[in-house]
Structure formats: structure tokens, C-alpha cells
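Heads up: numbering here begins at 1 and tracks the sequence. Please read all numbers here as calculations on a predicted model, not as lab measurements.
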Amino acid sequence: MGYAYVYVDQNNTLQRLRDYRINHEEEYQAMKDKNQDWFTVKFGYFVLISNRKETPEQLLTEYFERTDFE
């Protein structure tokens, strides 16, 4: 059985959204609201899949600390 954990890195997504809007302002303004909403989180949104049932905090902490093992 697998478990999915959704995570949005707000710092990363805000910086990348700013960069995108600076370089693509006309394209962004022409988007429908739902697409603008998606672009608000797109650059920092990801899903972790795990076979262990843990709290999102536990799994994300382990995920971000993985460089200690690699």
C-alpha cells in the first residue's frame, strides 16, 4: 500500500512565481483565474509517495534530511 503526501514549498514557489511573472507578465495576465491559481503553487508543489504510514511532518523531515545519507 502506498501513501501520498502533498507538499508546497512556499519560499521556493513565491520566488519562482515572481521570476516567471517578471519574464512572462502578459502571458500570466491572459490566463484564466484557475490557471493563475495553479501557477501560484506550481513551482513549489510536489507529491511524495511512501510505503510507510507516517505523519507528513515525519516523512518530510526524513525526506529533507536524506542528504545526510546520500
Side-chain angles (χ1 to χ4, degrees):
M1 173 180 266
Y3 302 92
Y5 300 88
V6 177
Y7 178 75
V8 176
D9 179 341
Q10 292 180 340
N11 292 329
N12 192 31
T13 200
L14 290 174
Q15 180 59 48
R16 289 186 173 194
L17 178 62
R18 269 188 239 115
D19 293 345
Y20 174 82
R21 289 189 65 179
I22 288 169
N23 295 315
H24 303 92
E25 186 61 28
E26 288 182 28
E27 180 182 325
Y28 182 81
Q29 291 301 327
M31 288 181 188
K32 294 180 180 180
D33 288 343
K34 70 178 184 172
N35 292 331
Q36 286 182 349
D37 289 346
W38 166 241
F39 268 70
T40 302
V41 296
K42 172 185 176 180
F43 300 108
Y45 171 89
F46 66 94
V47 177
L48 283 173
I49 305 294
S50 176
N51 61 352
R52 298 184 344 226
K53 186 176 181 179
E54 296 187 27
T55 67
E57 293 82 8
Q58 290 170 317
L59 191 64
L60 286 168
T61 297
E62 188 174 321
Y63 175 77
F64 286 120
E65 292 175 350
R66 76 192 182 285
T67 56
D68 294 338
F69 301 105
E70 293 179 352

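Hydrophobic clustering (side-chain heavy atoms under 4.5 Å, transitive across Ile, Leu, Val, Met, Phe, Trp, Tyr) groups Ile49 together with Val8. Taking hydrophobic clusters as Ile, Leu, Val, Met, Phe, Trp and Tyr residues chained together by side-chain heavy-atom distances below 4.5 Å, Phe43 shares a cluster with Val47. Residues Ile22 and Tyr28 fall into different hydrophobic clusters, defined by Ile, Leu, Val, Met, Phe, Trp and Tyr side chains chained together at heavy-atom separations under 4.5 Å.
Not counting sequence neighbours, the partners of Asp19 by the side chain to side chain donor-acceptor pair (under 3.5 Å) test are Gln15. With sequence neighbours excluded, the residues forming a salt bridge (charged side-chain N to carboxylate O under 4.0 Å, His left out) with Glu25 are Arg21, listed by chain and number. Residues that satisfy the salt bridge (charged side-chain N to carboxylate O under 4.0 Å, His left out) test with Glu54, not counting sequence neighbours, are Arg52. The side chain to side chain contact (heavy atoms under 4.5 Å, CB included) check on Thr61 picks up Glu65, with sequence neighbours excluded. With sequence neighbours left out, Asn12 forms a side chain to side chain donor-acceptor pair (under 3.5 Å) with Arg16.
For Tyr20 and His24, the ring centers are positioned less than 6.0 Å apart.
Sequence neighbours left out, not one pair with a member in residues 26-43 passes salt bridge (Lys or Arg N to Asp or Glu O under 4.0 Å).
Nearest heavy-atom pair, Thr40 versus Leu17, reported as atom, atom and distance to 0.1 Å: CA-CD2, 3.8 Å. Minimum interatomic distance between Thr13 and Gly44 (heavy atoms only, all atoms of both residues): OG1-N, 3.3 Å.
Note that CD of Gln58 and OG of Ser50 are 11.0 Å apart. Values are rounded to the nearest 0.5 Å.
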